[in-house]
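Following: one structure in structure tokens, then a few remarks.
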Amino acid sequence: MKIIVSVVILFVMNNLSFGQILSDSHNEAVELINQSGTDIKQKKYSEAVKELENAIKLDSTIKKAYVLLNQALFETGEKNIQKKYLKKAKLFFLEDDEFYYYSGKLYMKEEKYDSAIVEFNEAVRFGKINGEDYPIVYDYYASRGICFMKKNLYSDALQDFNYALKLNNSKSSIYSNKGIVLYKLNKVTEACECWKKALEMGENSVKKYTDKYCK
């Protein structure tokens, strides 16, 4: 009986120690993540990258670390490292629309529009499952719409811009892009309405369109 009790006590002590190690690692990771957030605000992106990579080594299950790391790497232009961590994030956080969106934005920046559309498709799919009330969901559609526009798929682009505006009608750039695809679809009057709306919202880049096509 004494042997059994000793074994049980040893097992409990070992597990308590292991739990403490996990807790310490988690707390240290959180501290690094918080510091990285401050550094990002101060545009110290390289410092933030180092902190966040160390945070993920300590505890790879904290979503915020990947979100901030993606932001910092986007600014430093380290695309291959950014892709690596986005791939890892999608494995850890299954069906998380946000990381597919970030992957899409990265491919979009590289002008790899087919790959971007694939990622945005997944972001849209999981966004519908997870809820479209998340603040950036409108841009899943707006960004995919730009990719469609770049590929001259104007009807698809128009559908996405319309849905993006349904989710968030306060973005002048969406009206501007919608105007472009409407013009490409020979809907000049509707295009001008969109451009004028964008101009009213402060999107001065569309003035060249209103001056030329909306007389």
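All values reported here derive from a predicted model rather than from experimental measurement.
- For the pair Asn177 (side chain) and Ala157 (backbone), a donor-acceptor distance under 3.5 Å is absent.
- Between Val67 and Phe99 there is a side-chain heavy-atom pair separated by less than 4.5 Å.
- Side-chain rings of Tyr183 and Tyr209 stay apart, their centers remaining 6.0 Å or farther from each other.
- Here OH of Tyr107 is found 12.0 Å from CG of Asp114. Values are rounded to the nearest 0.5 Å.
- Residue Lys166 qualifies as open at atom NZ: its count of foreign heavy atoms under 6.0 Å is 12 or below.
- A 4.5 Å side-chain heavy-atom check between Ile62 and His26 finds at least one atom pair inside the cut-off.
- Among Asn204, Asp211, Thr210, the one residue that satisfies the side chain to side chain donor-acceptor pair (under 3.5 Å) test with Lys207 is Asp211.
- Cluster annotation: Tyr141 and Phe148 are assigned to distinct hydrophobic clusters (Ile/Leu/Val/Met/Phe/Trp/Tyr, side-chain heavy-atom contacts under 4.5 Å, transitive).
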Exercise for review: Applying side chain to side chain contact (heavy atoms under 4.5 Å, CB included), run through Asn34 and Thr38 and close with a yes or a no.
Suggested key: CA-CA 7 Å; Asn34 290 338; Thr38 301; over 6 Å; no
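- Annotation: Lys88, atom NZ; neighbour count of heavy atoms from other residues, nucleotides and ligands within 6.0 Å is above 12.
- Considering Leu86, Ile81, Leu106 in turn, Ile81 is the only one that fulfils the side-chain contact (heavy atoms from CB on, under 4.5 Å) rule with Leu73.
- Considering Arg144, Lys105, Lys90, Lys112 as possible partners of Glu119, the one that fulfils the side chain to side chain donor-acceptor pair (under 3.5 Å) test is Lys90.
- A pairwise comparison of heavy atoms in Asn168 and Ser170 identifies OD1-OG, 2.5 Å as the closest pair.
- Ion pairing of Glu98 with Lys63 is present here, as a side-chain N (NZ or NE/NH1/NH2) and a carboxylate O approach within less than 4.0 Å.
- Note on Met108 and Met149: same hydrophobic cluster, where clusters join Ile, Leu, Val, Met, Phe, Trp and Tyr whose side-chain heavy atoms are under 4.5 Å apart, directly or indirectly.
- Following chains of ILVMFWY side-chain contacts shorter than 4.5 Å, one can reach Tyr138 starting from Tyr163, so the two form part of one hydrophobic cluster.
- Distance check, rounded to the nearest 0.5 Å: CG of Asp24 to CG of Leu58 gives 10.5 Å.
- Residues Tyr66 and Tyr102 keep their aromatic ring centres 6.0 Å or farther apart.
- In summary, Glu122 and Arg125 engage in a salt bridge, as defined by a charged side-chain N under 4.0 Å from a carboxylate O.
- Residue Lys50 qualifies as open at atom NZ: its count of foreign heavy atoms under 6.0 Å is 12 or below.
- For Ala55 against Ala29, the heavy-atom pair with the smallest separation is O-CB, 3.5 Å.
- For the atom pair Phe120 CZ and Tyr101 OH, the distance stands at 6.5 Å (nearest 0.5 Å).
- Both Met201 and Leu182 sit in one connected hydrophobic cluster of ILVMFWY residues. Membership requires side-chain heavy atoms under 4.5 Å apart, directly or through other members.
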Review point. Yes or no on side-chain hydrogen bond (donor to acceptor under 3.5 Å, both in side chains) for Tyr154 and Asn152, after CA distance, side-chain angles and deciding distance?
Key: CA-CA 5 Å; Tyr154 300 121; Asn152 300 329; 2.8 Å; yes
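- Nearest heavy-atom pair across Ala198 and Tyr175 is CB-CB, 3.9 Å.
- Residues Tyr100 and Val118 have side chains not in contact (no heavy-atom distance under 4.5 Å, counting atoms from C-beta outward).
- A salt bridge is absent between Lys57 and Glu53: the closest approach of a Lys/Arg side-chain nitrogen to an acidic carboxylate oxygen does not fall below 4.0 angstrom.
- Residues Val137 and Gly131 come closest through the heavy atom pair CG2-O, 4.1 Å.
- Note that the CG atom of Leu199 and the SG atom of Cys214 stand 10.0 Å from one another [nearest 0.5 Å].
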Check your understanding: Does the pair Tyr85 and Leu52 meet the rule for a side chain to side chain contact (heavy atoms under 4.5 Å, CB included), with working shown?
Key -> CA-CA 11 Å; Tyr85 279 105; Leu52 290 162; over 6 Å; no
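- When all heavy atoms of Gly145 and Asp160 are compared, the closest pair comes out as N-OD2, 3.5 Å.
- Under the 4.5 Å side-chain criterion, counting only non-hydrogen atoms from C-beta, Glu110 is in contact with Lys83.
- Considering NZ of Lys178 and OG of Ser173, their distance stands at 13.5 Å, rounded to 0.5 Å.
- The CG atom of Leu153 sits 12.0 Å away from the CD atom of Gln159 when rounded to the nearest 0.5 Å.
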Practice item. Before giving the answer on side chain to side chain contact (heavy atoms under 4.5 Å, CB included), spell out for Tyr45 and Asp39 the whole-Å C-alpha distance, their side-chain angles and the decisive distance to 0.1 Å. Key: CA-CA 7 Å; Tyr45 301 116; Asp39 286 338; over 6 Å; no
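- Under the 4.5 Å side-chain heavy-atom criterion for Ile, Leu, Val, Met, Phe, Trp and Tyr, Val188 and Leu185 are members of the same hydrophobic cluster.
- In plain terms, the two heavy atoms of Cys147 and Ile117 that are nearest each other are CB-CG1, 3.6 Å.
- With hydrogens and angles disregarded, no donor-acceptor distance shorter than 3.5 Å links the side chain of Ser176 to the backbone of Ser172.
- None of Leu167, Asp97, Val124 except one satisfies the side-chain contact (heavy atoms from CB on, under 4.5 Å) rule with Glu132; the exception is Leu167.
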